[in-house]
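All remarks here apply to the structure that follows.
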There are 2 protein chains.
Amino acid sequence: MTPRQNRPTINQVAAAAGVTKSSVSRAFTRPEMLSEETVRKIFAAAEQLGYVPNHTARALSTGRHGNIALIVPDVANPFFPPLIRAAQAEADRSDYCVFLGNSDENPQQEDKLIGRFTGQVEGFVLVSSRLSDEQIIDHAARRPVVLINRDVKGIPRILIDSATGVAEAVAHLAGLGHKKLVYVGGPHGSWSNKQRRSAVRRSARELGLDVTVISNEFAAFESGRKITASVLATGATAAIAFDDLTAQGMLAELADQGIAVPADFAVVGCDDVLGAATYPSLTTVSNRSVEAGKAALNLLMDILQNQAIRDVRYVLNTNLVIRKTTGPARNATSESGSPDQSR
Amino acid sequence: MTPRQNRPTINQVAAAAGVTKSSVSRAFTRPEMLSEETVRKIFAAAEQLGYVPNHTARALSTGRHGNIALIVPDVANPFFPPLIRAAQAEADRSDYCVFLGNSDENPQQEDKLIGRFTGQVEGFVLVSSRLSDEQIIDHAARRPVVLINRDVKGIPRILIDSATGVAEAVAHLAGLGHKKLVYVGGPHGSWSNKQRRSAVRRSARELGLDVTVISNEFAAFESGRKITASVLATGATAAIAFDDLTAQGMLAELADQGIAVPADFAVVGCDDVLGAATYPSLTTVSNRSVEAGKAALNLLMDILQNQAIRDVRYVLNTNLVIRKTTGPARNATSESGSPDQSR
DNA sequence: GCTTGACATGCAACCGGTTGCATTAAATAG
DNA sequence: CTATTTAATGCAACCGGTTGCATGTCAAGC
């Protein structure tokens with residue numbers, strides 16, 4: 001019934017090498033304690049038997065599992081995979097294994113996952129956590145936790161500040177002669193959406209641009225298509241979308257309607273999840289999810305080493321990535337130019 | 001130095017409940033062995049102390065960890081996240097935790113990951129494994145392994161048969177009057193690539209079409225762009241690409257060169273990872289990665305239960321999803337039509 | 001009323017390592 | 001040449017559970 005492997009144990013190696021298991025253990029963990037001769041003997045025996053230390057047993061006696069957990073709201077959202085990949089790679093460098101959890105944007109699910117993982121991991125990285133501050137603080141009291149895109153005081157966190165990039169986008173559009181623009185929003189509860197929306201408003205005010213905000217609960221290609229009519233109805237010449245998927249939907253709809261981008265209308269995305277893979281390639285705000293994932297893991301490793309859990313708040317600024325969906329405003333030869341025919 | 005939690009142990013619960021640890025253990029694993037009274041006492045004590053069984057200790061004595069590992073070539077490739085998500089969800093239903101491994105398309109890395117995971121997992125799901133058959137068989141001898149998109153005799157496997165969809169694609173193009181087409185390949189080691197390539201060849205032969213195969217090691221947007229020149233150079237009027245990303249890159253390049261799709265050139269992708277999110281929306285072969293992920297996990301759970309490792313080979317058929325990048329061949333009014341000018 | 005079970009619980013070994021302390025042998029000091 | 005240190009290894013307890021077998025209890029069977 002027991003699905004145990006009959007892998008050789010430390011005792012068998014000890015017997016084969018003519019030493020006790022303490023020595024075998026030491027040969028693998030602190031070889032400098034043993035004579036070179038003995039270490040050699042033990043390694044030879046281990047090699048010959050195909051011995052590999054039992055991770056579980058080791059974890060039991062040391063309390064160190066060499067695992068961490070990474071929890072994201074939705075693996076399938078293109079924003080996360082590069083982050084996951086980076087975190088993975090970084091964990092790998094320290095010989096850590098990573099558990100992946102998918103919360104489905106659901107706080108209860110997230111809590112349940114954390115419960116399942118606790119006890120086999122040394123620490124957590126929670127990405128865009130949907131838990132309450134209290135829950136996060138609570139978990140952080142048991143195990144080291146690092147947050148990404150969640151700003152809870154006292155918990156080490158990495159924040160991607162899209163406001164800087166969005167501000168650049170507005171300035172970029174202003175420089176191209178656009179006078180009136182639209183911000184196409186994203187999910188209601190989203191911290192990023194709030195951050196972006198207010199960044200657009202602030203910058204527009206400073207630069208004397210006119211902004212219309214259009215709500216659009218679902219950030220996705222199809223909803224981007226559908227919202228396009230309302231966007232055009234505002235008479236704006238440019239739009240900044242909550243994310244790249246929305247922007248991409250808009251591009252498709254504009255193309256269908258024979259509106260040339262960027263000649264007739266400019267579009268800016270956010271998060272750069274599509275790379276240059278739209279046509280025309282999308283001007284967007286950089287995402288720094290790769291750095292965020294990497295930084296979160298380094299921070300966690302650091303905390304696991306130094307015990308001293310510091311209140312780190314690490315902000316990654318973003319910037320505008322100018323590609324081909326933005327250009328001079330229609331009927332606006334920058335400063336001078338011909339009279340505006342559209343009014 | 002030991003980062004151990006001072007969580008209550010089974011002994012403390014035992015003391016508090018006035019029983020031995022055996023009984024506490026049984027209360028949690030086989031409560032029907034104990035009197036209701038005792039179970040109640042133990043649960044009360046456990047509750048009061050906040051006791052949670054130690055996963056590691058349990059795993060050590062039972063050899064059952066409640067973990068499985070999922071290894072993919074590249075998390076960031078849009079083909080995988082939905083599969084990962086589905087597998088996750090399925091594992092979750094059985095209270096299993098999943099380790100995620102990213103092999104970076106590298107057999108050595110994959111091997112290393114498997115090594116790291118073995119010993120803490122009960123089984124593996126290897127997706128599009130880049131290991132040799134021998135290596136896979138070797139690992140499968142130690143731990144249950146389920147493969148996705150890899151056909152190794154004797155190892156339980158889930159295969160997404162893109163051949164059916166690709167055959168439909170060729171027929172579709174033939175029906176539209178295309179006479180000469182190109183297959184733009186994918187990674188060398190990829191089983192899917194071989195499968196698709198031979199499906200294209202076979203169908204084309206049956207339908208009397210002319211096919212050129214162009215190799216293209218890296219399946220990605222940029223490489224799709226770059227390969228386009230060679231594709232056009234063949235004089236073909238349609239191309240089937242190894243995957244959607246490649247196809248998308250080709251679309252962008254074609255657009256840049258002023259070649260209209262589908263009027264001047266038809267493009268078919270594979271895997272349907274982009275949905276309708278290209279412009280024009282891409283005709284492609286459906287992917288069944290979600291079902292594959294789910295099926296693989298169910299199969300693995302099954303194997304873990306029934307021990308009897310069966311030689312399962314589960315094939316998921318695909319079909320063509322016709323969108324807007326395919327249309328009548330240039331200069332080919334179906335059957336009749338004007339003489340072919342290009343020769 | 002004594003035997004026979006069935007049921008509930010305890011005992012102790014075991015899973016496979018790690019580690020503080022004791023022991024022994026060899027090296028250095030006096 | 002003996003006393004003291006130092007280096008290498010062994011001993012045994014421990015990590016926190018699980019589980020086969022022994023023990024004890026109480027009720028039913030004869």
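Just so it is clear: chains get the letters A, B, ... in the order the sequence lines come, proteins before strands, and each one is counted from 1.
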Polar pairs (N or O, both sides) under 3.5 Å between protein and nucleotides 24-27 of chain D?
none

Under-3.5 Å N/O pairs linking protein and nucleotides 24-28 of chain C:
none

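In this structure, A/E291 does not pair ionically with A/K294, as no charged nitrogen and carboxylate oxygen lie closer than 4.0 Å.
For the 3.5 Å distance criterion, the side chains of B/Q195 and B/S192 fail to qualify, holding no donor opposite an acceptor. In this model, a donor atom of one side chain and an acceptor atom of the other lie less than 3.5 Å apart for B/T38 and B/S35.
Applying the salt bridge (Lys or Arg N to Asp or Glu O under 4.0 Å) rule to B/D151 yields the partners B/R157, B/R313; only residues at least two apart in sequence or on another chain are considered. Listed by chain and number, the residues in a ring pair (Phe, Tyr, Trp, His ring centres under 6.0 Å) with B/F117 are B/F99 (sequence neighbours excluded).
Interatomic distance, CG of A/N102 versus CD1 of A/I71, reported as 9.5 Å (0.5 Å rounding).
Distance CZ (B/R58) to P (D/dG16): 14 Å, rounded to an integer number of Å. Distance, A/I10 CD1 to C/dC15 C1': 13 Å, rounded to whole Å. The nearest whole Å value for the distance from the CG atom in A/N11 to the P atom in C/dC14 is 11 Å. One interatomic measurement links the two molecules: NE2 of A/H55 to P of C/dG17, which rounds to 12 Å at whole-angstrom precision. For the pair B/N54 CG and D/dC15 P, the interatomic distance rounds to 11 Å; values are reported in whole Å. Whole-Å rounding puts the B/I42 CD1 to D/dG17 P distance at 13 Å. Rounded to an integer number of Å, the gap from CD of A/Q120 to P of D/dG16 is 16 Å. Taking atom CZ of B/R64 as the reference point, atom P of C/dG16 lies 15 Å away to the nearest angstrom.
No more than 12 heavy atoms of other residues, nucleotides or ligands sit less than 6.0 Å from atom CZ of B/F218. Within 6.0 Å of CD on B/E36 lie no more than 12 heavy atoms contributed by other residues, nucleotides or ligands.
Of the candidate nucleotides D/dG16, C/dT9, C/dG17, D/dG16 has the atom lying nearest to any side-chain atom of B/L60. Among the nucleotides C/dG16, C/dT9, D/dG10, the one closest to the side chain of A/V19 is D/dG10.
Put simply, the side chain of B/Q109 never gets that close to the backbone of B/N106: no donor and acceptor are under 3.5 Å apart. No side-chain donor-acceptor contact under 3.5 Å links B/R26 to the backbone of B/E32. Under the 3.5 Å distance criterion, the side-chain polar atoms of A/N54 are matched with a main-chain donor or acceptor of A/A57. A donor-acceptor pair under 3.5 Å links the side-chain atoms of B/E122 to the main chain of B/G66, judged by distance alone.
The C1' atoms of five pairs define one axis at each end of the helix from C/dG1-D/dC30 to C/dG30-D/dC1, and these two axes lie 50° apart (to 10°).
Contacts between residues 24-40 of chain B and DNA chain C, defined by a heavy-atom separation below 4.0 Å, involve B/R26, B/M33, B/L34, B/S35, B/T38, listed by number.
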*asked:* Could you walk me through whether A/Y51 and A/F43 satisfy the ring pair (Phe, Tyr, Trp, His ring centres under 6.0 Å) test, starting with their C-alpha distance in whole Å, then the side-chain angles of each, then the deciding distance to 0.1 Å, before giving a yes or no?
replied: CA-CA 9 Å; A/Y51 168 75; A/F43 280 174; 10.0 Å; no
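Between D/dG10 and A/T20, a contact under 4.0 Å exists linking OP1 or OP2 to a side-chain N or O.
Closest-nucleotide positions on DNA chain D for B/P8 and A/S23 were compared, and the one nearer the 5' end corresponds to A/S23. Two residues, B/S22 and B/A57, neighbour DNA chain C, and the one matched to the more 5' nucleotide by heavy-atom proximity is B/S22.
Scanning all heavy atoms of the two residues, the minimum distance from B/C97 to A/Q120 falls at SG-NE2, 3.9 Å.
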